[in-house]
Each structure stands twice: as structure tokens, then as C-alpha cells.
Amino acid sequence: VWTMRFMNCLLRCLFSTAPIVMPLVACRMAALSSEFGYCSDNAMGYLAYSHAVLNVTQDVDACYQWARISLSFPERFDLSLLPKVKLFFYANMAFWKEPIQACCDIILKIKEDLLMVGDIESAVAAIFYHTRQSLFSGNELTAAEKVCSSGMAMMTQLSQLQSCLSHSSNHLIIVKLIGGVGTHHNPFAKLSGSFNGEINSEDDVLQHALSTGKTGVAQGIRFNRLFLSYWFKRYGEAAEMAEHYISRTLMPLVDTQYAFYSGLTAYQLARYPPSDPKWIAIGEKSLLLLKSWKSHSAWNWQNKFLLLEAECHFSKGEMEKAEVSYILAIESARRHKFVHEEGLGNELFSTFCATIGNVDKAKSHLLEAKACYKKWGAFALIDQLNSLEKQ
């Protein structure tokens, strides 16, 4: 039992410092369990082992099955651990098979359960995971900003500074997308006080993360910058962020989003002169990943695959195939309730229609994009489209 407990503590340390070593520890925990029996600490060990299976074999089905097994240990040995195990299941594994919007809602409920059992550290992590999944689910941004702000206040009050660092960057994305509408809190205001005035911006957070070995925080910021750069059409900057982003071995949700947005960025740059074949190659790599993932969850990945496919056809001059894929991507995003990606599909299809000379259809889909962005609460994107129209 004490060996398993030590390894559990080791996993927590490795998660933010050296995740590449986690599969070795997880496999050792699984081997010890087979030899000496099971205890409550096996739950987190099997969650880590499921990650190892995914990263070594890319077997999503086996990863999900092992992760599901981990949920049985708290019920058998210690029910107080169940909220924590459920959190890491729904934050890191369930999205491979289950609708991400449902996972996001469950995480918010789990946060309350964690507070009830006194697990403050995991409750704070739940706020971070909920914010991240909320952003990728296309949840309404104004409501998400309120949750972010209250979450940051809770983190600083409880001195959970590691979580504050990661959370502030997620909060910044939401504030930037909302734009000048409404009143927003400065994501870094509370951090400044917690770090003796040394952190006042995302650049400061990144430098602190790099100087203290917090690789997870640094990678999260790099992805967030890729994400924002793409949405605000700074494709060169997005490509630079994509180049600096390195998967942390764990294949978390953010890695799947990295594949999507780095692929979209590559196809945009493939259409800019001078044409460089490397962009098509990067895009096709992302396309293959999304094609594999949609076989496990059409809900989460189908519309993203179709949109990448449309951009691929457009970049190669295959206009008829591109039009079909754009329409299917928009329909899939609408059916699966990804309003932000429905908007993006309409915006990209509008650009495509304008390119082939269909001005009326281009205007129609641009209006659809704005309507979706309004539902999402991304008023800065609407302002951006309005400015581009005037030009």
C-alpha cells in the first residue's frame, strides 16, 4: 500500500515536470497490483496506465476501457476518492468517446463533490478543466468568463498558485474573444498580488513557467496563442506557436485541439504565395489524426475532420470536393452543438465562395458565421468580420 501511495505522489509531481516518465511509473504500478493485490491507490495508477496504453499503442478503445476500470476502485475501497478519480476520467479520457459538452457539465458537478470531501487541490483543477472544455465545447463565453473570474478568486484565496498560472491564460482567451462588449476582469490582476507584483501579463506567466520548469503551463500558453492567432487571422504567428508546441506525451484534450488548429493554419498558409509544400504535409498529418479519432467519437471529431478536409481540397484546387466537405462540416457542427465551429465553417465557406465568384452565397454564409459567433458570445470576431467587409 505504501509503495502504491508513494508512486501516486510521484505521478502528481511528474504530471507537470516530466510527463514522459509517467508511463513507466504507471506500468510499474500495474505490475505491482497484479503481483500483490489491489488497494484504493490503484485507481490513479490505472488512470495513468490508460494514458500509457494510448501513447504507446494509440489504442483509444483500450485506453478508455482501462480508464473505466479505475472508477471501480473507489467504490470498492474508499468512496471519498471517487470524485477525484471521476474528475481525471472526465477531464482526460472520456472525451475520446463521449460528447465533450456532457463531460464539461459533469466536471462542474464534480467540483462541488470535491469540495464536499475537502479535496481543494482537485476542486481547483476541476475549475481549470471545466474552463478548457467549455472553450472547446463552444459554450457561451460571457457565462464562461464569470465562472473563470470566480474560479481565479477561489484559486488565489486558497493559494493554489500553480493552477492560477494555467487558468489565467485560459481566462485571457475568453476575454479576447468577447472583445469590448460588457465588463471583464483582468485575468492577471489577482496573480500580480500573489507573485509580489512580478506577474502582470501572459508574457510574465510564460517566463515564470519556463524559468521554474513548469512545462505544462508553458505548453498551455503556446497552444492558447496558436488558438487566438488562428481565430484572429494572424496565421504566421499561429504557425510559429505551432512549431514551438510539443506534445507532453499524455495526449490531453489540448493536443487534439492543437492537431485541429495547426492543420487549419497550415492550409491557410498553403494558399499564400509563395506556396510551400510543407504546409500541405502538415495539414495532411492533422487530417489523418482527425480521421482516426472520428471513428471513436463522430460527435467530437467528425465536423473538425470534414472542415480540415474541405480546407485541404480548397488548397489543392479541388473545388467541387471542397464545397461538399464545407457543407457537411457546417451541418455536422450544428448537429453536434459546436456553435463556434459551425461559425468557423460558415466563415471559411464564405471565403471559398468569394474565391470562386459566388458573391451572394459568400454574403449569406458570412451572415451565418456572425449569427453563430453572436450565440457563442465572440463579439470580437464579429467586429473583425465587419472590419474586413469594409475593406
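L79 places a side-chain heavy atom less than 4.5 Å from the side chain of L82. Side-chain contact between F227 and L177 is present, with at least one heavy-atom pair separated by less than 4.5 Å. Residues F349 and E323 are in side-chain contact: their nearest non-hydrogen atoms beyond the backbone lie under 4.5 Å apart. Between Y245 and L226 the shortest side-chain heavy-atom distance does not fall below 4.5 Å. Using a 4.5 Å heavy-atom cutoff, the side chains of L228 and M241 are not in contact. Side-chain contact between W293 and W96: present, with at least one pair of heavy atoms (C-beta onward) separated by less than 4.5 Å. Two residues are said to be in side-chain contact when any heavy atoms from C-beta on lie closer than 4.5 Å; L385 and L366 meet this criterion. You'll find the side chain of L344 stays beyond 4.5 Å of the side chain of F338, heavy atoms only.
Formation of a donor-acceptor pair under 3.5 Å by the S295 side chain with backbone atoms of S292 is found in this model. T351 places a side-chain N or O within 3.5 Å of a backbone atom of E347 that can act as its donor or acceptor partner. With hydrogens and angles ignored, the 3.5 Å screen pairs a side-chain donor or acceptor of H336 with a backbone N or O of S332. Side chain of T256 to backbone of L253: a donor-acceptor contact under 3.5 angstrom is found. Put simply, the side chain of Y46 never gets that close to the backbone of A67: no donor and acceptor are under 3.5 Å apart. Under a 3.5 Å cut-off, the side chain of T131 and the backbone N or O of I127 do form a donor-acceptor pair. The backbone N or O of K361 sits less than 3.5 Å from a side-chain atom of N358, completing a donor-acceptor pair. Of the possible polar contacts, none joining the S169 side chain to the S166 backbone as a donor-acceptor pair under 3.5 Å is found. Using modelled atom types, one side-chain atom of K304 and one backbone atom of N300 make a donor-acceptor pair closer than 3.5 Å. A side-chain donor-acceptor contact under 3.5 Å links Q133 to the backbone of Y90.
Shown here are the side chain to side chain donor-acceptor pair (under 3.5 Å) partners of S286, two or more places apart in sequence or in another chain: there are none. For K363, there are no side chain to side chain donor-acceptor pair (under 3.5 Å) partners at least two apart in sequence or on another chain. Here Q157 pairs with nothing under the side chain to side chain donor-acceptor pair (under 3.5 Å) rule; sequence neighbours left out. Shown here are the side-chain contact (heavy atoms from CB on, under 4.5 Å) partners of S211, two or more places apart in sequence or in another chain: there are none. For S70, there are no side chain to side chain donor-acceptor pair (under 3.5 Å) partners two or more places apart in sequence or in a different chain.
Using modelled atom types, one finds a donor on one side chain and an acceptor on the other under 3.5 Å when comparing E311 with Y326. Checked by atom type, the side-chain pair E198/H208 shows no donor-acceptor distance below 3.5 Å.
Using a 4.0 Å cut-off between charged nitrogen and carboxylate oxygen, K97 and D61 count as a salt-bridge pair. Using a cut-off of 4.0 Å between Lys/Arg side-chain N and Asp/Glu carboxylate O, E202 and K176 are scored as not salt-bridged. A salt bridge is defined here as a Lys NZ or Arg NE, NH1 or NH2 lying under 4.0 Å from an Asp or Glu carboxylate O, and R68 with E98 meets this definition. The pair E140-K375 does not count as a salt bridge, with every side-chain nitrogen at least 4.0 angstrom from each carboxylate oxygen. Between D119 and K111 there is no salt bridge, since none of the side-chain N atoms of the basic residue sits less than 4.0 Å from a carboxylate O of the acidic one.
In this structure, K233 places its NZ atom where more than 12 heavy-atom neighbours from other residues, nucleotides or ligands lie under 6.0 Å away. Remark: M319 CE is packed, more than 12 non-hydrogen atoms of other residues, nucleotides or ligands lying under 6.0 Å away.
Residues L158 and L108 do not share a hydrophobic cluster, clusters being chains of Ile/Leu/Val/Met/Phe/Trp/Tyr side chains in contact below 4.5 Å. Following chains of ILVMFWY side-chain contacts shorter than 4.5 Å, one cannot reach I221 starting from M152, and the two form parts of different hydrophobic clusters. Linking Ile, Leu, Val, Met, Phe, Trp and Tyr residues whenever their side-chain heavy atoms come within less than 4.5 Å places I280 and F260 in a single cluster. Under a hydrophobic-cluster definition in which Ile, Leu, Val, Met, Phe, Trp and Tyr are linked whenever side-chain heavy atoms come within less than 4.5 Å, directly or via other members, V147 and F136 are assigned to different clusters.
To the nearest 0.5 Å, atoms CG (D113) and CD1 (I106) are separated by 11.5 Å. Within the model, atoms OH of Y49 and CD1 of I69 stand 9.5 Å from one another, a figure rounded to the nearest 0.5 Å. Here SG of C63 is found 10.0 Å from NE2 of H296. Values are rounded to the nearest 0.5 Å. Taking SG of C148 as the reference point, atom CD1 of I173 lies at 9.5 Å (rounded to 0.5 Å). Atom CG of L135 is separated from atom CG of L141 by 7.0 Å, given to the nearest 0.5 angstrom.
Taking the six-membered ring where tryptophan is involved, the planes of F95 and W301 are perpendicular, since the angle between them exceeds 60° and thus also 30°. Under the 30°/60° scheme for interplanar angles, the aromatic rings of W376 and W231 are found to be tilted.
Among residue pairs with one or both ends in residues 312-321, those qualifying as side-chain hydrogen bond (donor to acceptor under 3.5 Å, both in side chains) are R271-S315, E284-K316, H313-E318; sequence neighbours excluded.
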Checklist entry - Is there a side-chain hydrogen bond (donor to acceptor under 3.5 Å, both in side chains) between Q101 and S137 once you walk through the steps? => result CA-CA 5 Å; Q101 295 93 338; S137 298; 5.1 Å; no

Checklist entry - Going through the distances and angles, do I356 and F352 end up as a side-chain contact (heavy atoms from CB on, under 4.5 Å)? => result CA-CA 7 Å; I356 63 174; F352 169 83; 3.7 Å; yes

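The side chain to side chain donor-acceptor pair (under 3.5 Å) with N346 is formed by just one residue from the set R334, E368, E341, H365; it is H365.
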